[in-house]
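Since the structure comes first, as C-alpha coordinates, the remarks are kept for the end.
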Amino acid sequence: AKIAIAGAGAMGSRFGYMLQKAGNDVILMDNWEQHVETINEKGLTVDDNGQTQVIQIPAMAPRAVKEVQDLVILFTKTMQLKTMLEDIKGTIGKNTAVLCLMNGLGNVDVIEQYVKKQHIIVGVTLWTSELVGPGHISFTGSGSIGLQNIDPREQDRAAKVVSLLNAAGLNATLSTDVTTDIWKKACVNGTLNSLCTLLDCNIEEFGQLKEAPQMAREILNEFAAVAKLENVTIDVDEILTSLQKLGDTSQAGAHYPSMHQDLIQHHRKTEIDFLNGYVAKKGKANGIATPYNTLVTQLVHAKEQILVED
Ligand code: NAD
(Lines give C-alpha, C1' and ligand atoms only; values in the text may rest on other atoms or scores of the structure.)
Protein backbone atom coordinates (compact mmCIF):
# COMPACT_ATOMS: atom_id res chain seq x y z
CA ALA A 1 0.00 0.00 0.00
CA LYS A 2 0.97 3.65 -0.41
CA ILE A 3 1.53 4.98 3.10
CA ALA A 4 2.56 8.49 4.18
CA ILE A 5 3.74 9.21 7.71
CA ALA A 6 2.67 12.72 8.70
CA GLY A 7 5.15 13.66 11.42
CA ALA A 8 8.15 11.36 11.23
CA GLY A 9 9.75 11.90 14.63
CA ALA A 10 10.49 9.04 17.00
CA MET A 11 7.23 7.14 16.47
CA GLY A 12 6.53 8.10 12.87
CA SER A 13 10.00 6.99 11.76
CA ARG A 14 9.70 3.69 13.65
CA PHE A 15 6.34 2.96 12.01
CA GLY A 16 7.64 4.07 8.61
CA TYR A 17 10.67 1.80 8.95
CA MET A 18 8.56 -1.24 9.93
CA LEU A 19 5.92 -0.64 7.24
CA GLN A 20 8.53 -0.22 4.52
CA LYS A 21 10.28 -3.42 5.62
CA ALA A 22 6.95 -5.21 5.11
CA GLY A 23 6.93 -4.14 1.46
CA ASN A 24 4.79 -0.99 1.55
CA ASP A 25 5.54 2.13 -0.46
CA VAL A 26 6.29 4.51 2.44
CA ILE A 27 7.10 8.22 2.49
CA LEU A 28 8.07 10.18 5.60
CA MET A 29 6.66 13.73 5.75
CA ASP A 30 8.17 16.12 8.26
CA ASN A 31 8.50 19.86 8.84
CA TRP A 32 11.90 19.61 10.53
CA GLU A 33 14.18 20.45 7.58
CA GLN A 34 17.43 19.18 9.06
CA HIS A 35 15.79 15.81 9.81
CA VAL A 36 14.42 15.45 6.26
CA GLU A 37 17.75 16.48 4.71
CA THR A 38 19.73 14.03 6.85
CA ILE A 39 17.38 11.15 5.94
CA ASN A 40 17.67 11.94 2.23
CA GLU A 41 21.43 12.47 2.24
CA LYS A 42 22.62 9.84 4.71
CA GLY A 43 19.60 7.56 5.21
CA LEU A 44 17.65 6.95 8.41
CA THR A 45 19.79 5.51 11.19
CA VAL A 46 17.79 2.96 13.16
CA ASP A 47 18.96 1.44 16.46
CA ASP A 48 16.63 -1.56 16.49
CA ASN A 49 17.02 -3.33 19.83
CA GLY A 50 20.76 -2.66 19.92
CA GLN A 51 21.42 -3.38 16.22
CA THR A 52 22.31 -0.24 14.27
CA GLN A 53 21.44 -0.03 10.59
CA VAL A 54 21.04 2.72 8.05
CA ILE A 55 18.01 2.42 5.79
CA GLN A 56 17.00 4.30 2.67
CA ILE A 57 13.51 5.76 2.95
CA PRO A 58 12.15 8.82 1.14
CA ALA A 59 11.46 11.92 3.25
CA MET A 60 9.89 15.21 2.18
CA ALA A 61 8.38 18.41 3.50
CA PRO A 62 4.63 17.69 3.94
CA ARG A 63 3.56 20.48 1.55
CA ALA A 64 5.70 19.02 -1.24
CA VAL A 65 3.86 15.68 -1.28
CA LYS A 66 1.05 15.79 -3.84
CA GLU A 67 0.28 12.12 -4.35
CA VAL A 68 -2.92 10.70 -2.82
CA GLN A 69 -2.18 7.90 -0.33
CA ASP A 70 -4.00 4.72 0.75
CA LEU A 71 -3.13 5.42 4.37
CA VAL A 72 -1.87 8.52 6.17
CA ILE A 73 -0.57 8.02 9.71
CA LEU A 74 -0.57 11.13 11.89
CA PHE A 75 2.36 11.16 14.31
CA THR A 76 3.12 14.78 15.15
CA LYS A 77 3.08 16.12 18.67
CA THR A 78 -0.50 17.24 19.41
CA MET A 79 0.30 20.96 19.19
CA GLN A 80 1.67 20.43 15.64
CA LEU A 81 -1.35 18.46 14.38
CA LYS A 82 -3.40 21.32 12.92
CA THR A 83 -0.50 22.68 10.87
CA MET A 84 0.30 19.19 9.62
CA LEU A 85 -3.30 18.62 8.50
CA GLU A 86 -3.19 21.93 6.62
CA ASP A 87 0.05 20.84 4.94
CA ILE A 88 -1.06 17.37 3.80
CA LYS A 89 -4.39 18.16 2.16
CA GLY A 90 -2.99 16.89 -1.17
CA THR A 91 -2.33 13.40 0.19
CA ILE A 92 -5.90 12.69 1.31
CA GLY A 93 -8.27 11.45 -1.38
CA LYS A 94 -11.67 9.74 -1.61
CA ASN A 95 -10.35 6.44 -0.31
CA THR A 96 -7.56 7.49 2.02
CA ALA A 97 -7.74 6.15 5.57
CA VAL A 98 -6.31 8.56 8.15
CA LEU A 99 -4.96 6.93 11.29
CA CYS A 100 -4.08 8.79 14.50
CA LEU A 101 -2.29 6.98 17.32
CA MET A 102 -1.01 10.12 19.02
CA ASN A 103 -1.40 10.72 22.74
CA GLY A 104 -3.67 13.37 24.18
CA LEU A 105 -7.31 14.41 24.24
CA GLY A 106 -9.18 16.34 21.57
CA ASN A 107 -7.25 15.12 18.50
CA VAL A 108 -10.42 13.85 16.81
CA ASP A 109 -12.00 17.33 16.99
CA VAL A 110 -9.01 18.73 15.10
CA ILE A 111 -8.87 15.93 12.51
CA GLU A 112 -12.60 16.25 11.81
CA GLN A 113 -11.99 19.78 10.55
CA TYR A 114 -9.96 18.30 7.68
CA VAL A 115 -11.02 14.70 7.14
CA LYS A 116 -14.45 13.09 6.66
CA LYS A 117 -15.56 11.14 9.70
CA GLN A 118 -15.82 7.87 7.73
CA HIS A 119 -12.10 8.04 6.97
CA ILE A 120 -10.83 8.71 10.50
CA ILE A 121 -9.38 5.87 12.53
CA VAL A 122 -8.04 6.51 16.01
CA GLY A 123 -6.34 4.40 18.60
CA VAL A 124 -3.69 4.01 21.23
CA THR A 125 -0.33 2.35 20.96
CA LEU A 126 2.09 0.85 23.44
CA TRP A 127 4.97 0.91 20.95
CA THR A 128 7.69 3.39 21.93
CA SER A 129 10.63 5.09 20.25
CA GLU A 130 13.18 7.81 20.81
CA LEU A 131 14.51 10.47 18.46
CA VAL A 132 18.27 10.58 19.09
CA GLY A 133 18.88 13.45 16.68
CA PRO A 134 18.10 14.43 13.09
CA GLY A 135 17.81 11.27 10.97
CA HIS A 136 18.38 8.93 13.92
CA ILE A 137 15.91 6.90 15.98
CA SER A 138 16.40 4.29 18.67
CA PHE A 139 14.02 1.76 20.19
CA THR A 140 13.83 -1.45 22.17
CA GLY A 141 11.03 -3.86 22.97
CA SER A 142 7.73 -4.41 21.27
CA GLY A 143 4.22 -3.02 21.62
CA SER A 144 0.65 -3.22 20.45
CA ILE A 145 -2.08 -1.08 18.92
CA GLY A 146 -5.83 -0.89 19.53
CA LEU A 147 -7.82 1.12 16.99
CA GLN A 148 -11.31 1.86 15.78
CA ASN A 149 -13.01 3.90 13.08
CA ILE A 150 -14.81 6.84 14.67
CA ASP A 151 -17.82 6.17 12.43
CA PRO A 152 -19.17 2.86 13.75
CA ARG A 153 -20.50 1.89 10.29
CA GLU A 154 -17.02 2.01 8.78
CA GLN A 155 -15.24 -0.78 10.65
CA ASP A 156 -14.25 -2.49 7.39
CA ARG A 157 -11.82 0.33 6.78
CA ALA A 158 -10.38 -0.09 10.28
CA ALA A 159 -10.13 -3.86 9.76
CA LYS A 160 -8.09 -3.30 6.59
CA VAL A 161 -5.72 -1.01 8.48
CA VAL A 162 -5.37 -3.66 11.21
CA SER A 163 -4.30 -6.24 8.57
CA LEU A 164 -1.83 -3.82 7.03
CA LEU A 165 -0.26 -3.04 10.42
CA ASN A 166 -0.14 -6.71 11.40
CA ALA A 167 1.62 -7.64 8.18
CA ALA A 168 4.38 -5.29 9.41
CA GLY A 169 4.46 -6.94 12.85
CA LEU A 170 2.83 -3.98 14.55
CA ASN A 171 0.46 -6.14 16.59
CA ALA A 172 -2.85 -4.33 16.04
CA THR A 173 -6.39 -5.26 17.06
CA LEU A 174 -9.81 -3.68 16.59
CA SER A 175 -10.87 -1.92 19.75
CA THR A 176 -14.49 -1.81 20.89
CA ASP A 177 -14.24 1.42 22.88
CA VAL A 178 -11.33 3.47 21.68
CA THR A 179 -12.51 6.70 23.34
CA THR A 180 -12.21 5.08 26.77
CA ASP A 181 -8.79 3.66 25.81
CA ILE A 182 -7.61 7.15 24.82
CA TRP A 183 -8.90 8.65 28.09
CA LYS A 184 -7.22 5.94 30.15
CA LYS A 185 -3.87 6.57 28.49
CA ALA A 186 -4.33 10.32 29.01
CA CYS A 187 -5.02 9.64 32.69
CA VAL A 188 -1.66 7.90 33.05
CA ASN A 189 0.17 10.58 31.04
CA GLY A 190 -1.63 13.40 32.88
CA THR A 191 -0.36 12.14 36.23
CA LEU A 192 2.92 10.30 35.68
CA ASN A 193 4.31 12.44 32.83
CA SER A 194 3.21 15.78 34.21
CA LEU A 195 4.29 15.17 37.79
CA CYS A 196 7.63 13.52 36.95
CA THR A 197 8.32 16.53 34.73
CA LEU A 198 7.47 19.07 37.42
CA LEU A 199 9.31 17.12 40.12
CA ASP A 200 12.25 16.30 37.83
CA CYS A 201 12.17 12.65 38.84
CA ASN A 202 11.97 9.28 37.10
CA ILE A 203 9.10 6.80 37.31
CA GLU A 204 10.75 4.71 40.00
CA GLU A 205 11.46 7.75 42.18
CA PHE A 206 7.89 8.94 41.68
CA GLY A 207 6.60 5.55 42.82
CA GLN A 208 8.46 6.01 46.12
CA LEU A 209 6.96 9.43 46.93
CA LYS A 210 4.63 9.49 49.94
CA GLU A 211 2.51 12.19 48.33
CA ALA A 212 2.25 10.50 44.92
CA PRO A 213 -1.00 8.49 45.31
CA GLN A 214 -2.94 11.43 46.80
CA MET A 215 -1.66 13.94 44.20
CA ALA A 216 -2.54 11.52 41.43
CA ARG A 217 -5.99 10.89 42.94
CA GLU A 218 -6.84 14.62 43.00
CA ILE A 219 -5.83 14.99 39.36
CA LEU A 220 -7.65 11.82 38.31
CA ASN A 221 -10.89 12.75 40.09
CA GLU A 222 -11.06 15.79 37.79
CA PHE A 223 -10.22 13.68 34.72
CA ALA A 224 -13.09 11.34 35.67
CA ALA A 225 -15.56 14.22 36.12
CA VAL A 226 -14.72 15.70 32.72
CA ALA A 227 -14.61 12.28 30.99
CA LYS A 228 -18.23 11.79 32.08
CA LEU A 229 -19.20 14.68 29.79
CA GLU A 230 -17.98 12.50 26.90
CA ASN A 231 -19.82 9.45 28.26
CA VAL A 232 -16.56 7.87 29.34
CA THR A 233 -16.33 6.19 32.73
CA ILE A 234 -12.96 6.37 34.44
CA ASP A 235 -12.33 4.14 37.44
CA VAL A 236 -9.86 6.24 39.43
CA ASP A 237 -8.79 3.31 41.65
CA GLU A 238 -8.05 1.19 38.60
CA ILE A 239 -5.79 3.91 37.17
CA LEU A 240 -4.08 4.37 40.54
CA THR A 241 -3.36 0.64 40.67
CA SER A 242 -1.81 0.74 37.20
CA LEU A 243 0.30 3.75 38.25
CA GLN A 244 1.47 1.84 41.30
CA LYS A 245 2.54 -1.06 39.08
CA LEU A 246 4.41 1.29 36.74
CA GLY A 247 6.26 2.81 39.71
CA ASP A 248 7.15 -0.59 41.18
CA THR A 249 10.95 -0.72 41.57
CA SER A 250 11.12 -4.18 39.97
CA GLN A 251 9.51 -2.83 36.77
CA ALA A 252 10.14 0.86 36.29
CA GLY A 253 13.84 1.41 36.66
CA ALA A 254 15.28 4.84 36.16
CA HIS A 255 13.08 5.60 33.15
CA TYR A 256 12.02 9.18 32.57
CA PRO A 257 8.62 9.74 30.92
CA SER A 258 8.66 11.34 27.48
CA MET A 259 7.39 14.72 28.71
CA HIS A 260 10.38 14.90 31.04
CA GLN A 261 12.71 14.01 28.18
CA ASP A 262 11.13 16.66 25.96
CA LEU A 263 10.98 19.55 28.43
CA ILE A 264 13.60 19.01 31.12
CA GLN A 265 16.24 17.27 29.00
CA HIS A 266 15.70 18.72 25.51
CA HIS A 267 13.94 22.02 26.30
CA ARG A 268 11.05 21.29 23.93
CA LYS A 269 7.40 22.25 24.44
CA THR A 270 5.02 19.63 25.85
CA GLU A 271 1.57 18.21 25.02
CA ILE A 272 0.21 19.51 28.36
CA ASP A 273 -2.68 21.47 26.74
CA PHE A 274 -4.03 18.16 25.39
CA LEU A 275 -3.73 16.32 28.72
CA ASN A 276 -4.27 18.24 31.99
CA GLY A 277 -4.93 21.42 30.00
CA TYR A 278 -7.78 19.76 28.11
CA VAL A 279 -9.41 18.68 31.39
CA ALA A 280 -8.98 22.17 32.86
CA LYS A 281 -10.43 23.90 29.79
CA LYS A 282 -13.33 21.54 29.22
CA GLY A 283 -14.12 21.50 32.96
CA LYS A 284 -14.21 25.28 33.07
CA ALA A 285 -16.49 25.46 30.03
CA ASN A 286 -18.92 23.05 31.69
CA GLY A 287 -18.93 24.34 35.28
CA ILE A 288 -16.73 21.56 36.68
CA ALA A 289 -14.02 22.72 39.09
CA THR A 290 -10.57 21.59 37.97
CA PRO A 291 -8.11 23.39 40.28
CA TYR A 292 -5.50 20.62 40.27
CA ASN A 293 -5.33 20.29 36.49
CA THR A 294 -5.40 24.04 36.05
CA LEU A 295 -2.39 24.42 38.36
CA VAL A 296 -0.47 21.51 36.79
CA THR A 297 -1.03 23.06 33.35
CA GLN A 298 0.10 26.49 34.55
CA LEU A 299 3.20 25.04 36.21
CA VAL A 300 4.23 23.12 33.09
CA HIS A 301 3.70 26.21 30.93
CA ALA A 302 5.76 28.26 33.40
CA LYS A 303 8.55 25.67 33.17
CA GLU A 304 8.30 25.85 29.35
CA GLN A 305 8.72 29.61 29.57
CA ILE A 306 11.87 29.11 31.66
CA LEU A 307 13.43 26.37 29.54
CA VAL A 308 12.20 26.63 25.93
CA GLU A 309 13.64 29.19 23.55
CA ASP A 310 11.19 30.13 20.79
P1 NAD B 1 8.67 13.53 18.30
O2 NAD B 1 8.87 14.69 19.17
O3 NAD B 1 9.79 12.54 18.18
O4 NAD B 1 8.32 14.02 16.83
C5 NAD B 1 7.21 14.85 16.59
C6 NAD B 1 7.59 15.94 15.61
O7 NAD B 1 8.50 16.86 16.20
C8 NAD B 1 8.27 15.42 14.34
O9 NAD B 1 7.71 16.10 13.25
C10 NAD B 1 9.71 15.78 14.57
O11 NAD B 1 10.44 15.95 13.39
C12 NAD B 1 9.60 17.08 15.32
N13 NAD B 1 10.83 17.33 16.09
C14 NAD B 1 11.39 16.50 16.99
N15 NAD B 1 12.53 17.04 17.50
C16 NAD B 1 12.69 18.22 16.87
C17 NAD B 1 13.67 19.23 16.95
N18 NAD B 1 14.74 19.13 17.77
N19 NAD B 1 13.54 20.33 16.16
C20 NAD B 1 12.49 20.44 15.33
N21 NAD B 1 11.50 19.50 15.21
C22 NAD B 1 11.61 18.41 15.97
O23 NAD B 1 7.32 12.82 18.76
P24 NAD B 1 7.00 11.29 19.05
O25 NAD B 1 7.69 10.88 20.29
O26 NAD B 1 7.19 10.51 17.82
O27 NAD B 1 5.46 11.37 19.40
C28 NAD B 1 4.43 11.52 18.43
C29 NAD B 1 3.09 11.26 19.12
O30 NAD B 1 3.05 9.91 19.59
C31 NAD B 1 2.84 12.13 20.33
O32 NAD B 1 1.47 12.40 20.47
C33 NAD B 1 3.31 11.25 21.48
O34 NAD B 1 2.71 11.59 22.71
C35 NAD B 1 2.84 9.89 20.99
N36 NAD B 1 3.55 8.73 21.52
C37 NAD B 1 4.92 8.72 21.62
C38 NAD B 1 5.56 7.59 22.10
C39 NAD B 1 7.08 7.49 22.15
O40 NAD B 1 7.61 6.51 22.64
N41 NAD B 1 7.83 8.44 21.61
C42 NAD B 1 4.81 6.46 22.47
C43 NAD B 1 3.42 6.50 22.34
C44 NAD B 1 2.81 7.64 21.87
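Whatever order the structure lists ligands and atoms in, that order sets their numbers, starting from 1. Nothing here was measured: the structure is a model prediction, and the numbers come from that model.
By the salt bridge (Lys or Arg N to Asp or Glu O under 4.0 Å) test, E37 is found to be paired with no residue, residues two or more places apart in sequence or in another chain being considered. Checked against side chain to side chain contact (heavy atoms under 4.5 Å, CB included), M84 has the following partners two or more places apart in sequence or in another chain: A6, N31, P62, T76, I88. Here S142 pairs with W127 under the side chain to side chain contact (heavy atoms under 4.5 Å, CB included) rule; sequence neighbours left out.
A perpendicular orientation is assigned to the rings of F75 and F15, their planes being inclined by more than 60° (bins at 30° and 60°).
Across T96, T91, D25, a single residue satisfies side chain to side chain donor-acceptor pair (under 3.5 Å) together with K2, and that is D25.
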Any protein N/O atoms within less than 3.5 Å of an N/O atom in ligand 1? List the atom names and distances, or say none.
from     : atom 1 : to   : atom 2 : distance (Å)
ligand 1 : 2 (O)  : K77  : NZ     : 2.9
ligand 1 : 2 (O)  : R268 : NH1    : 2.9
ligand 1 : 2 (O)  : R268 : NH2    : 3.0
ligand 1 : 3 (O)  : A10  : N      : 2.8
ligand 1 : 7 (O)  : Q80  : NE2    : 3.3
ligand 1 : 7 (O)  : R268 : NH2    : 3.3
ligand 1 : 9 (O)  : D30  : OD1    : 2.6
ligand 1 : 9 (O)  : D30  : OD2    : 3.3
ligand 1 : 11 (O) : D30  : OD1    : 3.1
ligand 1 : 11 (O) : D30  : OD2    : 2.6
ligand 1 : 13 (N) : R268 : NH2    : 3.4
ligand 1 : 15 (N) : R268 : NH1    : 3.4
ligand 1 : 26 (O) : A10  : N      : 3.3
ligand 1 : 26 (O) : M11  : N      : 2.8
ligand 1 : 32 (O) : N103 : N      : 3.1
ligand 1 : 32 (O) : E271 : OE2    : 2.7
ligand 1 : 34 (O) : N103 : ND2    : 2.8
ligand 1 : 34 (O) : E271 : OE1    : 2.6
ligand 1 : 40 (O) : S129 : N      : 3.0
ligand 1 : 40 (O) : S129 : O      : 3.3
ligand 1 : 41 (N) : S129 : O      : 3.0

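Side-chain N or O atoms of N149 include one that pairs as donor or acceptor with a backbone N or O of Q118 at under 3.5 Å.
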